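Notes follow once the structure below has been shown.
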Amino acid sequence: MAWSNLPIDILCCISSHLSIVDLVRLSVVCTSWSFTLTNYALLGFHCCPSPWLLLSYDVEEASDTLSFRELTIEREEAVISVNRCFSSLGSHTYGRRYFGSKDGWLVTLDKTDLQPRLFNPITKVEISLPSLFTLINPQYAPDGSIRISCTGFFFYIMIDDLRDTYIHKFIISSNDSSGIVVVIYGITKQLALARLEDPTWVLGPQLSPYSTEDKQQFEDVCYHEENQRFYAITNFSMVLAFDLNGQNVELICPNMPNPNHRTRNFYHIYYITFLLGTLLRMERVIDTTSDSYYNATTRAIFVSKFVPTVVTSSSTSSSSSSSYSQWIPVNELGEYSLFVGYNQTFSLHHKAAIGIKPNCIYFADHSSNMLAGYFDCDVGLFDLYNDHIQHILHPYPRTKCLPSIWFTPSFS
Ligand SMILES: *[C@@H]1O[C@H](CO)[C@@H](O)[C@H](O)[C@H]1NC(C)=O
Ligand SMILES: *[C@@H]1O[C@H](CO)[C@@H](O)[C@H](O)[C@H]1NC(C)=O
Ligand SMILES: *[C@@H]1O[C@H](CO)[C@@H](O)[C@H](O)[C@H]1NC(C)=O
Ligand SMILES: CC(=O)N[C@H]1CO[C@H](CO)[C@@H](O)[C@@H]1O
C-alpha cells in the first residue's frame, strides 16, 4: 500500500503519539494526509498535549508576533527549549495582553476598550467577549484617570493601568455558544460572568452571605465539566460553587484561614482544580524577604484535597452532632502534574504529555503587589516527591512587563 493511502484509523493512532508541531509537519507530507488532517477536528484526532511557556521577555505589546518556548527534561531538570513562533498575527495580538485559558485558547485584552477576546494562535480563530467597561462603570476625571467606587471608597487609576492592575484572571467553561467566561477583577477581586455571545458582563456570586470577613477576596476559579459548575476559592480558603448563570450558589467549604497566610516575609496564593474528580487546593508559599517588587520567589507548594462534610454525632446525645469539612494534605498526584499561574489551572498526565515530569506543580509568574505591570519573575516547578523546587528562569529585574503564562497548543 502507498503511504498516502494509509487508513484514517492508523493516521489517527499515529497522531496520538505526536506533538502538535509534528502533527503539522505530518500534514504537509502529501495531499492525502493534508486533506485528512485538515478535517482533523471532525475525525477526532488528538495529538500529545505539550505545555508551552509564553515568556514575558518574549512578549512585546506592540508586536504582531507571538512566541512560545517548549519544555523538556534534561538530566532530570526541566528546561525551556525550542522557540515556537507565530508571526503576522496583526490585530489578533497587536497592543494586547495575554491571559492563559484552556484548550489552546489565550484570552487577549487591549487597554482602550477592555474587550477580551479568545484567540487560538494555531487556528487563528477569535471570539469576542463583551467589554469589561460594562462591568466597571468608570467615571472619567479631567487628568485622564478614572474614578472607581469600591465598598464605599473611591480609587483613582490611570486608564492605561486599568487592564494590568484591575483584571486578574479569566476562566472559561467551553468555547461553544453556551460557553461561559468568569473573570476575577477589581481591587477587591470579585467575580463576574459573561456568555460568549452576551452583550454585557453580570456580577457573580458575592461573599457577604457566607462570610463577614470584609478583607476576603477571590483568588482562583475552576470549572467542573461533569456537574457544570464553577468552584471559586478565596484567600480565606472558603470555596463557593455556582452554576453557569452564576446562580444556585453553594457553600462548599467555610472560611478556614491559614494564620500565616500573609506575614511580613511570606504570603500565600491559593489555586483550585479538580484532578480525577477530587477537588484540590494548592497553596503557593511566596518569599518576599528580598524586599523587592520583582524578586518574590516561590518556596513551596502544599497540595490538599477536599473531604466534604463529615457528620459526627456524639454517642452520649444524639442531638449534638457537628459537621465539618477538611483539607487533607496530599503528596502524590499519581502520574499527573499541575500547572498554575495567570492561567486557568490545568493538569497533564506525564505519559500522555511531552516533556514534563510527573507529580510536580509547574508555576509561572504572579504579582505580589498592585503596581501596574509589575510581576515577579518566578517560573519553575515544585516536585511533590522530594519537596524540591527548581526554578526554570532566574529572577531578573524588570521594569513594566507582562507575566509569563502557560499555554497548551490545540486545534480545538
Ligand atoms: C486577603 O486579602 C486581603 C486583601 O489583599 C488582605 O487584606 C487579607 O489580609 C487577606 N487575608 C488573608 C487571610 O490573607
Ligand atoms: C533579585 O535577586 C537576584 C538574585 O536572586 C539579585 O541578583 C538581584 O539583585 C535582585 N534584584 C533586586 C531588585 O532585588
Ligand atoms: C470549540 O471547541 C471544539 C472542540 O472542543 C471545536 O470542535 C470547535 O471548533 C471550537 N469552536 C471554535 C469556534 O473554535
Ligand atoms: C496560557 C495557558 O497557559 N493556558 C493554559 C491554562 O490552562 C488550560 C487548562 O485549563 C490549558 O489548556 C491552557 O493551555
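The model shown is predicted, which means the values in this text are computed figures rather than measured ones. Remember, it's 1-based here, ligands and their atoms both numbered in the order they're listed. Along the sequence shown, the residues carry numbers beginning at 1.
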Checklist entry - Quick one: which of Phe230, Phe242, Tyr185 gives a side-chain contact (heavy atoms from CB on, under 4.5 Å) with Leu191? => result Phe242
Checklist entry - Among pairs that include at least one residue of residues 112-133, which meet ring-ring contact (aromatic ring centres under 6.0 Å, His included), considering only residues two or more places apart or in two chains? => result His92-Phe119
Any protein N/O atoms within less than 3.5 Å of an N/O atom in ligand 1? List the atom names and distances, or say none.
unit_1	atom_1	unit_2	atom_2	d
ligand 1	2 (O)	Lys215	O	3.4
ligand 1	2 (O)	Gln217	NE2	3.4
ligand 1	2 (O)	Asn235	ND2	2.3
ligand 1	11 (N)	Asn235	ND2	3.0
ligand 1	14 (O)	His261	ND1	2.6

Checklist entry - Looking only at atom types and distance, does a side-chain atom of Asn245 sit under 3.5 Å from a main-chain N or O of Gln247, one as donor and one as acceptor? => result no
Next on the checklist: Give me each pair satisfying salt bridge (Lys or Arg N to Asp or Glu O under 4.0 Å) with a member in residues 72-88, each pair once, sequence neighbours excluded.
Outcome noted: Glu70-Arg84
Checklist outcome for this item: With sequence neighbours left out, the residues meeting side chain to side chain donor-acceptor pair (under 3.5 Å) with Ser337 are none
Checklist entry - Has Lys305 got more than 12 heavy atoms of other residues, nucleotides or ligands less than 6.0 Å from its NZ? => result no
